[in-house]
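Heads up: numbering here begins at 1 and tracks the sequence. All values derive from a computational prediction rather than experimental measurement.
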Amino acid sequence: MPANEGVLGTFSFKGEHAHTMDHPPVLRQGAVKASSGVYPAGLVLMRDAQDKLVPWDGSATPVGVCDVPCDTATSASCIYLAHGSVRAAALTKTGGATLTPADLRSLEKATIYAL
């Protein structure tokens with residue numbers, strides 16, 4: 001093997017996640033609105049007027065999908081999928097509502113694809 005070839009490392013995802021590995025996920029970390037509840041994996045997120053991540057109510061462009069559960073009472077930020085594919089069965093929005101076909105099209109415009 002030439003000197004510049006090799007394995008630099010590996011990674012794995014464990015636990016409850018919204019993303020799939022059908023497309024490499026683009027994960028980001030973002031500030032959440034404090035004490036706004038537990039964000040479950042699969043919750044679609046948007047930004048509020050203070051640029052904080054909050055549950056999506058369908059009124060604004062979604063910015064991502066919460067990838068791992070996040071308790072906003074104890075955590076100032078969450079990990080979310082900004083681009084890639086997610087498990088359709090995990091997706092919810094404000095109040096735990098399931099997504100409509102129109103909601104899924106909004107996610108696609110944000111380059112997030114439900115499988």
Engineer: Rounded to the nearest 0.5 Å, what separation is found between the CG atom of Leu91 and the CG atom of Leu43?
Structural biologist: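 The CG atom of Leu91 sits 9.5 Å away from the CG atom of Leu43.
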Engineer: Which heavy-atom pair separates Cys78 from Leu53 by the least distance, and what is that distance?
Structural biologist: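 The answer is SG-CD1, 3.9 Å.
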Engineer: Mind checking whether Val86 and Ile112 have side chains closer than 4.5 Å, heavy atoms only?
Structural biologist: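 Counting from C-beta outward, Val86 and Ile112 do come under 4.5 Å.
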Engineer: Any non-hydrogen side-chain atom of Ser77 less than 4.5 Å from a side-chain atom of Gln29?
Structural biologist: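 SC-SC contact between Ser77 and Gln29 confirmed.
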Engineer: With the side chain counted from C-beta on, respond yes when Val65 and Leu45 share a heavy-atom pair under 4.5 Å apart, and no when they do not.
Structural biologist: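 No, too far: nothing below the 4.5 Å cut-off.
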Engineer: Does Val54 form a side chain to side chain contact (heavy atoms under 4.5 Å, CB included) with Met46? I'd like the steps, not just the answer.
Structural biologist: CA-CA 6 Å; Val54 297; Met46 66 182 205; 3.8 Å; yes
Engineer: So do Thr94 and Val44 actually touch side chain to side chain, heavy atoms under 4.5 Å?
Structural biologist: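 A side-chain contact is absent here, since even the closest heavy-atom pair is not under 4.5 Å.
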Engineer: So which heavy atom on Leu81 is nearest to which on Asp67, and how close?
Structural biologist: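 For Leu81 and Asp67, the tightest heavy-atom pair comes out as N-CB, 4.4 Å.
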Engineer: How close do Ala88 and Ala114 get, heavy atom to heavy atom, and via which atoms?
Structural biologist: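 For Ala88 and Ala114, the tightest heavy-atom pair comes out as CB-CB, 3.9 Å.
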Engineer: Can you name the nearest heavy-atom pair linking Val32 to Ser75, along with the distance?
Structural biologist: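 Taking Val32 first and Ser75 second, the nearest heavy atoms are CG2-O, 3.5 Å.
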Engineer: Using a strict threshold of under 4.0 Å (side-chain N to carboxylate O), is an ion pair present between Asp51 and Arg47?
Structural biologist: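 Yes, Arg47 and Asp51 are salt-bridged.
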Engineer: Looking only at heavy atoms, which two atoms of Ser36 and Tyr39 are closest? And how far apart?
Structural biologist: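 So the minimum-distance heavy-atom pair works out to OG-OH, 2.9 Å.
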Engineer: For the residue pair Pro40 and Thr92, what are the closest heavy atoms and their distance?
Structural biologist: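 Taking every non-hydrogen atom into account, CG-OG1, 4.4 Å.
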Engineer: Measure the OG1-CZ distance between Thr100 and Arg105 for me, rounded to the nearest 0.5 Å.
Structural biologist: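 These two atoms lie 7.0 Å from each other.
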Engineer: Any pair with a residue in residues 106-115 that passes side chain to side chain donor-acceptor pair (under 3.5 Å), sequence neighbours left out, goes on the list, sorted by first then second residue, please.
Structural biologist: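 Passing the test, one end in residues 106-115: His83-Thr111.
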Engineer: For the backbone of Gly37 and the side chain of Thr72, can you confirm whether one donor and one acceptor N or O come within less than 3.5 Å of each other?
Structural biologist: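 Answer holds: yes.
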Engineer: With Lys33, which residues qualify under salt bridge (charged side-chain N to carboxylate O under 4.0 Å, His left out), at least two apart?
Structural biologist: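 Scan of Lys33 (salt bridge (charged side-chain N to carboxylate O under 4.0 Å, His left out), adjacent residues dropped) gives none.
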Engineer: Taking only Lys NZ, Arg NE, NH1 and NH2, and the carboxylate oxygens of Asp or Glu, determine whether Lys93 and Asp103 approach each other closer than 4.0 Å.
Structural biologist: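 Yes, this pair counts.
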